[in-house]
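What follows is a set of notes on a single structure, which appears directly below.
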Amino acid sequence: EEDLLNDVCREVVEKWSEAQISDTKEEKEDEIQAIASMMEKQAKIVVKPKEVSQEAKQRKAALLAQYANVTDEEEYPFPNPGATCCAAWPEPVSALNAPAALFRNTNVEDVLNARKLERELLRDEFQKKKEQDKLQREKEKLAKQERKEKEKKRTQKGERKR
């Protein structure tokens, strides 16, 4: 019976492994079929080029030309467009002698102000923490003193009873 049992077990395992192999083959074939059908669908989809009418092209060209002309005709605040800023103003530029069209770059000032504000906030926070620590020390001192007084009273009470 043991030989028969081993043979039956071996046969069951073989049938199971064959079934697993056939299932995986079927799954792979299904996946391949699905991918092929997706590719066929994508191949059928063709992007049609957008047809732009001649009128729309002319309008677009006119707008581009108009904006190109505006930038070409702008007057620059510099007295000599070919000169660099150093050649145009040999003396240092200050708020008093700079042309009105030039704006001051305030990035450095903004950064410095932000840092200053941050330092002030940190200073205020440190001051608050310092005050809180001081109050906490005072509370601890009072609590310690009260404990000493209670201990004193207890010892006095104990001595009176003796």
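Ile35 belongs to a hydrophobic cluster whose other members, connected by ILVMFWY side-chain contacts under 4.5 Å either directly or through intermediates, are Met39. Leu112 belongs to a hydrophobic cluster whose other members, connected by ILVMFWY side-chain contacts under 4.5 Å either directly or through intermediates, are Val108.
Legend: residues meeting salt bridge (charged side-chain N to carboxylate O under 4.0 Å, His left out) with Arg123, ordered by chain and number and at least two apart, are absent. Remark: Arg137 engages no residue in a side chain to side chain donor-acceptor pair (under 3.5 Å) (not counting sequence neighbours). In this view, Ala56 and Val52, Ser53, Arg59 satisfy the side-chain contact (heavy atoms from CB on, under 4.5 Å) rule, not counting sequence neighbours. Under the salt bridge (charged side-chain N to carboxylate O under 4.0 Å, His left out) criterion, Arg147 pairs with no residue at all, not counting sequence neighbours. Under the side-chain contact (heavy atoms from CB on, under 4.5 Å) criterion, Lys148 pairs with Lys144, sequence neighbours left out. Partners of Asp133 under the salt bridge (charged side-chain N to carboxylate O under 4.0 Å, His left out) rule, at least two apart in sequence or in another chain, are Lys129. Shown here are the side-chain contact (heavy atoms from CB on, under 4.5 Å) partners of Lys116, two or more places apart in sequence or in another chain: Arg119, Glu120. By the side-chain contact (heavy atoms from CB on, under 4.5 Å) test, Asn107 is found to be paired with Asn105, residues two or more places apart in sequence or in another chain being considered. Contacts of Glu109 classified as salt bridge (charged side-chain N to carboxylate O under 4.0 Å, His left out), with partners at least two apart in sequence or in another chain: Arg104.
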**Request:** For the pair Glu151 and Thr155, evaluate side chain to side chain contact (heavy atoms under 4.5 Å, CB included) and give the outcome as yes or no after the intermediate values.
**Result:** CA-CA 6 Å; Glu151 182 66 26; Thr155 54; 3.9 Å; yes
**Request:** Please assess Lys157 against Lys153 for the test side chain to side chain contact (heavy atoms under 4.5 Å, CB included), listing each intermediate value before the final yes or no.
**Result:** CA-CA 6 Å; Lys157 196 174 187 182; Lys153 287 180 182 179; over 6 Å; no
**Message:** Run the side chain to side chain contact (heavy atoms under 4.5 Å, CB included) test on Glu140 and Gln136 for me, step by step, so that the C-alpha distance in whole Å, both residues' side-chain angles and the decisive distance to 0.1 Å come before the verdict.
**Reply:** CA-CA 6 Å; Glu140 288 174 1; Gln136 185 66 29; 3.6 Å; yes
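Side-chain contact between Leu135 and Glu131: absent, with no pair of heavy atoms (C-beta onward) separated by less than 4.5 Å. Contact check for Lys134 versus Lys130: no side-chain heavy atoms found under the 4.5 Å cut-off.
Taking a 6.0 Å sphere around CD of Gln156, one finds it holds more than 12 heavy atoms contributed by other residues, nucleotides or ligands. More than 12 heavy-atom neighbours from other residues, nucleotides or ligands sit within 6.0 angstrom of CD on Glu138.
Between the SG atom of Cys9 and the CG atom of Leu4 there is a distance of 9.5 Å, given to the nearest 0.5 Å.
Among residue pairs with one or both ends in residues 10-20, those qualifying as salt bridge (Lys or Arg N to Asp or Glu O under 4.0 Å) are Asp7-Arg10; sequence neighbours excluded.
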